[in-house]
Amino acid sequence: MIALLRRDLALAVRAGGGFGLGLAFFLIVVVLVPFGVGPETPLLTAIAPGVLWLGALLACLLSLDRILALDWEDGSLDLMATSPLPLEGVVTIKALAHWVTTGLPLVLAAPVLGVLLNLPGPGYPWLTLSLALGTPALSVLGTFGAALTVGLKRGGLLLSLLVLPLYVPTLIFGAEVARRGAAGLDPMTPLLMLAGITCGTIALLPFASAAVLRMNLR
Amino acid sequence: MSLWEYANPKKFLALSGKVLPWVSGLALACLVIGLVWGFFFTPEDYRQGATVKIIYLHVPAALMAINSWLMMLVASLIWIVRRHHVSALAAKAAAPVGMVMTVIALVTGAIWGQPMWGTWWAWDPRLTSFLILFLFYLGYMALWDAIENPDTAADLTSILCLVGSVFAVLSRYAVLFWNQGLHQGASLSMDAEENVADVFWYPLLVCMAGFVLLFLALVLLRTRTEIRARRIKAILARERAA
């Protein structure tokens with residue numbers, strides 16, 4: 001499992017794209033928002049938590065089809081399916097690698113971009129915490145979507161259509177944590193719900209992803 | 001003799017062929033009686049006036065939008081557990097019907113909301129959940145269309161239906177948490193103290209029965225079409241091979 005994780009991480013870093021692209025996309029979305037809604041500070045302060053969460057979610061979405069597609073094309077996915085490691089483990093590692101290369105940089109970059117959107121002071125720890133808790137769920141859900149569409153020629157758009165509705169609860173609770181934190185309210189309730197969703201998806205969805213992948217590999 | 005015998009496409013076709021005219025006839029009768037009764041022979045609400053009458057389309061459509069997903073869930077489970085092709089095709093056949101019901105509920109709701117709430121759309125929990133349900137229907141149908149091998153498509157969509165059901169319910173509660181709404185709570189439940197008055201309730205009941213039968217008729221018809229389409233495909237493939 002560790003060997004697979006190191007292989008995926010090395011591929012993501014050396015092939016380029018993974019790291020940089022998601023981060024750059026996140027940056028551009030955040031920069032474009034003031035152009036769209038105007039530069040008034042109070043307005044930006046009000047929408048900052050939501051925009052940061054939405055930007056992170058879209059940046060995460062961008063790299064989803066790379067999780068499995070390349071391994072599918074060159075056949076290494078078949079090798080992994082016949083290896084002693086169960087497919088459930090493979091998809092969990094794939095999701096973890098995706099989170100380390102996409103989710104983690106987003107979590108670290110979000111406070112910096114929060115400055116651009118004039119996020120109020122008490123919001124920073126909550127924003128970072130909510131993203132750190134929520135992005136693993138996004139990666140695991142995304143792996144499920146990638147497993148569903150892996151055999152398709154042009155699965156990219158379909159992947160977004162399938163995965164985005166699944167992201168709704170995570171986005172609602174995550175953005176709510178950041179919003180309440182920024183407004184100085186108590187964010188414990190949505191925080192616990194967010195943590196619950198993340199734990200639940202990590203525990204259960206790899207089984208669904210592995211089942212789907214087996215059907216696709218038949 | 002068990003229920004599972006009707007999982008045989010031939011038996012299913014024979015039975016559904018016999019049942020279909022009755023179901024469609026009953027659906028038509030219920031809808032005509034219910035709608036005419038509702039539209040022309042009920043009093044106007046003392047606060048809402050004549051706009052209340054859109055309830056005879058709005059409520060049954062919303063009912064079927066949810067129950068059609070439920071039916072797809074059951075059919076998907078049957079496909080995963082027992083691998084009867086008819087049930088996979090029935091789930092496929094139900095999806096567009098359910099989607100249209102969702103759209104009807106959303107559109108009639110908007111038309112009703114404009115005079116009552118002064119707005120076509122509000123980010124109310126019920127409205128938002130229905131919009132999300134609509135997105136789930138879209139994704140489900142798109143996945144069916146995208147995959148060429150019918151068995152793989154049935155497998156993948158049934159898993160998507162299971163996972164989607166969990167997340168649809170989750171979204172429902174997340175959305176409730178996210179925003180308080182304009183939409184009233186349930187006013188048709190059996191145990192509530194305040195319910196719709198009987199004058200409106202009886203025609204509404206007939207309309208709901210009509211929509212259930214209409215849904216049943218459409219799903220039967222579409223499943224029969226799917227079975228025949230697959231047979232034609234098999235015959236064509238055999239001829240090409242010969």
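Each chain gets a letter, A, B and so on, in the order its sequence line appears, and its residues count up from 1.
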### Message
For Ile172(A), which atoms come within 4.5 Å of any heavy atom of chain B: side chain, backbone, both, or neither?
### Response
side chain
### Task
Find the distance between CD1 (Ile80(B)) and CE (Met215(A)) and round it off to the nearest 0.5 Å.
6.0 Å
## Note on the structure
By residue number, those in residues 186-194 of chain A with heavy atoms under 4.5 Å from heavy atoms of chain B are Thr189(A), Pro190(A)
### Message
Ignoring hydrogens, what is the shortest heavy-atom contact between Pro169(A) and Ala174(B)? Give both atom names and the distance.
### Response
CA-CB, 4.0 Å
#### Entry: chain A neighbours within residues 156-167 of chain B, where any heavy atom lies under 4.5 Å away
Leu156(B), Ile159(B), Leu160(B), Val163(B), Gly164(B), Phe167(B)
### Query
Who wins among Leu171(A), Leu166(A), Leu152(A), Leu164(A) for the most heavy-atom pairs under 4.5 Å with chain B?
Leu166(A)
### Message
Less than 4.5 Å to any heavy atom of chain B: does that hold for the side chain of Leu141(A), its backbone, both, or neither?
### Response
side chain
### Message
For Leu158(A) versus Ala142(B), what's the shortest heavy-atom pair and its separation?
### Response
CD1-CB, 3.3 Å
### Task
Sort Thr201(A) into side chain, backbone, both or neither according to what part of it lies under 4.5 angstrom from a heavy atom of chain B.
side chain
### Query
Looking only at heavy atoms, which two atoms of Leu135(B) and Pro165(A) are closest? And how far apart?
CB-CG, 3.9 Å
### Query
Are more than 12 heavy atoms from other residues, nucleotides or ligands located less than 6.0 Å from atom CG of Leu157(A)?
no
